[in-house]
Structure formats: structure tokens, C-alpha cells
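Here the structure comes first, spelled out in C-alpha cells, and everything after it is commentary.
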2 protein chains.
Amino acid sequence: MRLVIAQCSVDYAGRLSAHLPLATRLLMLKSDGSVLVHSDGGSYKPLNWMSPPCTLTVLEPDDAQTEAGVTEVWRVSQAKTADMLVVSIHHVLHDSAHELGIDPGLQKDGVEAHLQKLLAEQIELLGEGHTLVRREYMTAIGPVDILARDANGSSVAVELKRRGDIDGVEQLTRYLELMNRDPHLAPVTGVFAAQEIKPQARTLAEDRGIRCLVLDYDAMRGLDDSGSRLF
Amino acid sequence: MRLVIAQCSVDYAGRLSAHLPLATRLLMLKSDGSVLVHSDGGSYKPLNWMSPPCTLTVLEPDDAQTEAGVTEVWRVSQAKTADMLVVSIHHVLHDSAHELGIDPGLQKDGVEAHLQKLLAEQIELLGEGHTLVRREYMTAIGPVDILARDANGSSVAVELKRRGDIDGVEQLTRYLELMNRDPHLAPVTGVFAAQEIKPQARTLAEDRGIRCLVLDYDAMRGLDDSGSRLF
DNA sequence: CCCTGTATTTCGCCC
DNA sequence: GGGCGAAGTACAGGG
């Protein structure tokens, strides 16, 4: 990775056209050829950038550019899309290169997808004798997070949330209404499962005959072998 | 802006939990307090980050951390959301600070302003024999995007949007009503031009005798000479 | 490989 | 300021 702090202006032409007036910025050149132009603020998003795969060509400024104070022109182009980023460098304040190596990458945890995977593996948390039918059971109005059967063989639809809010209860209610019209599935009972269930959501759910299940994520993860990367 | 290249591991706890194993990375510390952790590849998105407003505290590693090779611990926390980013630094390879100043910001193009400029230049897209009167034609209730004349010399008012929604049709309707009361202009016909016109907007427009025109931005840009600053 | 849905989304517009 | 929709969205997972 090469880091350059330089006074520069930047032009981009691709899906849109964009221009950055002359100012001092960080130019990050990654080893895959991508270029990021960062200011000293804002969000994690660069002011402008070029995604890999792309190639950087250093050009000599023409007379008009030299006249304007440009000492170097970087032309970053992407073969596929014909997008182009042009960095006109006026003054370089810092320039250093660093060997970083390949990054092992981010390990995410705690999302709904993981909860769903864990609950599917530990389906007995729904109650003794429960068996998994499938995750993401498709209905006409969208996928039910988990479809299971209880000890009696009756269908159980599970709506899973990290935070159990009223919206989730409404969602599950719609699924249940639809599924109970299907003679192959009916009767279908509902389980609203979340790490945390808001009192209003619990009241609404129980009023509609939907069972609430608070999930202990840490305990579920502790029981899971494949998910215990972090410890 | 401070740039640090360091061998480090990173832990994040907030909306989700995430972990970055020990590796060499770029740590970008912006003047607004935000921190970005970048690898030497991937996209413009950092591996991990903390959005402003946040505060960085440098801690001494405890015995266990020292044992593991940690020389410094950065604790970046956000008061509002209680999100926390912890960077455990093992070895610093580079450390430099730079004064960048406030960035003038990105000037985007290819939005409505650019569409208006292009359509004014390619006014024949409205139909054969059309001529431009002027852009931003002022009326008592605001500027009409484009005023033109058709082959018969009749006035044509154009409302331009990137996304053609009902609001735009209502806007054009108000202009037309006003302009048709002006004997110098009347009769004025309306054209609702956009890159994409919503079905509801189209129905409403056509019901009111307003012609709909879908613009192919790429084709229009391809025909345009002046927009190619880069070449 | 394409499609679809989510995101620690971010960003801009409009009310 | 809050809500909503787009983004040069990026990114992962399923069919």
C-alpha cells in the first residue's frame, strides 16, 4: 500500500461525472490497483475512488496543466466499465509505501442470520420433540424464518429477530394467517423468538396466541461448535 | 489526519460484534475523531471503523495483553450509541500526522442540472423542429426547467426530473396553468421528461394532456462534447 | 453465475 | 430534525 498526501484536484467520469477542487488530501493506493481519495473528515466513504481491477498510469502534465501548477497526472482507468479517475497533483507532502500482506478478513457475529442458523441447529429450544422442517420457508408474501413441527407433528412458524418489536409480531401474524389457509400446513402455531422482546410486542403476541421465546445468544453460541471461532 | 501502519487486532461491539485477527493494517485517524481500519485490498469500505462523533483513548495493556504481545490499546467509543472499537496494537511500522484542512467537497454532476444542460443542447429530442427558448424560464411561481417551441412555433414547457414522480407532474401542471393565462405564450403544451417515469406519474400526466419523455442519459452524454472534461 | 436482500450502510432530499 | 429513497452502493447467501 502506498500513501500519498498531496495537494490535488480530482476528476471522475463513469456512471456520473464528479470533480474535486484543489485541496490537500490522502491518496491511498492499494496493492490490487484500487485508489481511494480521502479527506480529513466525513464518513468511512472516500470522496472519490476507483474499484479494482484498474490500472494507474502516471502522465506528464501538458503545458496548460503545468501552467496551472500541476506537476503530475495520475490516470486510473478500469478496462471493463471505461470509468476513469484523473488525479492532478500539484504538490506532494508525503509519500510512503508499506507491505501489509493479505488480510485474514472480518469475522462477523451476532446478526439475525447467525441466530437463525443456531436456532435451526438447536431446534429443541422451541420445546421438546420439535423438529426442523426448513429455514426461510417461502410463502406468497415472503419467507418465514423457520418452519418446524412440534411433538404432535403440528406446524410451527418462527419469526426471528435480534430485537423483538411490534413489527415482527405483525409480520408473523400475516404469515400465520396465510399459512393457516393452507390445508397442508394448518393448524400452524407461531413462535416469536428474539434476544430481547419489548413488552408491547410480548403483549400483542400473546394476545394473538403467539408464543414468545427469548433467546440467550451467548449460550446458543457456546453450544455450537462451528460458531466458536472467537474464543 | 494521522496515519499509522501497525500489526494489530481489532474488536468491535455495537450493532453487531466483529473481530479482526492479528495482521498488518492501515489505521486512519481523522481530525473529527473517526477511525478507519483499512487492509491492502478489497473495496473502498474499511474492514472496520468508528463513525464520528467518537473519542479515542490510549490504554496501557494489562498483563495478559502484554504477554500476548500487545504494546498499546486504542479504545474508540461513541457516547451516543455506546458502540466501541478496540484496537490492540502489537507493532507500529509507521506513524505520521498531516494537516489537510477542510475539504471543499465533491461536486457531483449527472444529476438534474446535467440532464437539463444536455436536453437544452439536444432539444430536438423533444421532437423534430423544436427549438430552445431558454433554460430556467422564470414565472411568478418559479422557474420552468426548459421553455422551447415546437415546429409550429407553439410554446412547450419541459419539467425535468431524474425520477419522474407525481410531484413533478403537479409542478408542471401549475406552470402550464399559469403560462396558458399569458397571451404571449399560450397555448403552452407540457412535456414531462425524466430518466425514469413512474407508472402513476405517467397516467396522471397523460390524463392531463402532458406528454411523457423518457431520457436515455448515457446516449445523451455520448452525444455531448462539452461534458468530456477529461479528454 | 445471477439474483435478492441486508448494511455498524452513507448520503441527499423533502417535509 | 425526522423519514424516505437512492447509491459509481458493497456484500453475502441461495438458487
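Just so it is clear, the structure is predicted and the values come from calculations on it, not from any experiment. Just so it is clear: chains get the letters A, B, ... in the order the sequence lines come, proteins before strands, and each one is counted from 1.
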- To the nearest Å, give me how far apart CG (B:Leu36) and C1' (C:dT10) are. 13 Å

- Query: Rounded to the nearest Å, what distance is computed from the CG atom of residue B:Asp83 to the P atom of nucleotide C:dA7?
  - Reply: 14 Å

- Task: Can you figure out which of D:dG15, D:dA10, C:dT10 approaches the side chain of A:Arg134 most closely?
- Result: D:dG15

- Describe, in one word, how the ring planes of A:His38 and B:His38 are oriented to each other, choosing from parallel (under 30°), tilted (30 to 60°) and perpendicular (over 60°). perpendicular

- Query: A:Lys45 has an atom NZ; how far is it from atom P of D:dC11, in whole Å?
  - Reply: 12 Å

- Between atom CG in A:Leu106 and atom P in D:dA12, what is the gap in whole Å? 9 Å

- Report the distance from atom CH2 of B:Trp49 to atom C1' of C:dT9, rounded to the nearest whole Å. 7 Å

- Under 3.5 Å, is there a donor-acceptor pair between the B:Asp145 and B:Tyr137 side chains? no

- Query: For atom CG of A:Leu59, is the number of surrounding heavy atoms from other residues, nucleotides or ligands below 6.0 Å larger than 12?
  - Reply: yes

- Message: Using side-chain heavy atoms (C-beta onward) and a distance below 4.5 Å, is A:Val87 in contact with A:Leu27?
- Response: yes

- Minimum-distance nucleotide (side-chain atoms of B:Tyr44 versus D:dG14, C:dT10, D:dA10): D:dA10

- Task: Classify the nucleic acid contact of B:Met50 as base, sugar-phosphate or nothing, counting any heavy atom under 4.0 Å across all strands shown.
- Result: nothing

- Taking atom P of D:dA10 as reference, at what distance in whole Å does atom NE2 of B:His38 sit? 14 Å

- Report yes if at least one side-chain N or O of A:Ser43 is closer than 4.0 Å to OP1 or OP2 of C:dT9; otherwise report no. no

- In whole Å, what is the span from the CG atom of B:Leu16 to the P atom of C:dT9? 8 Å

- Whole-Å gap separating C1' (C:dA7) and OH (B:Tyr12): 11 Å

- Task: Mind checking B:Ser51 for me? I need base, sugar-phosphate or nothing, with any heavy atom below 4.0 Å counting as a touch.
- Result: sugar-phosphate

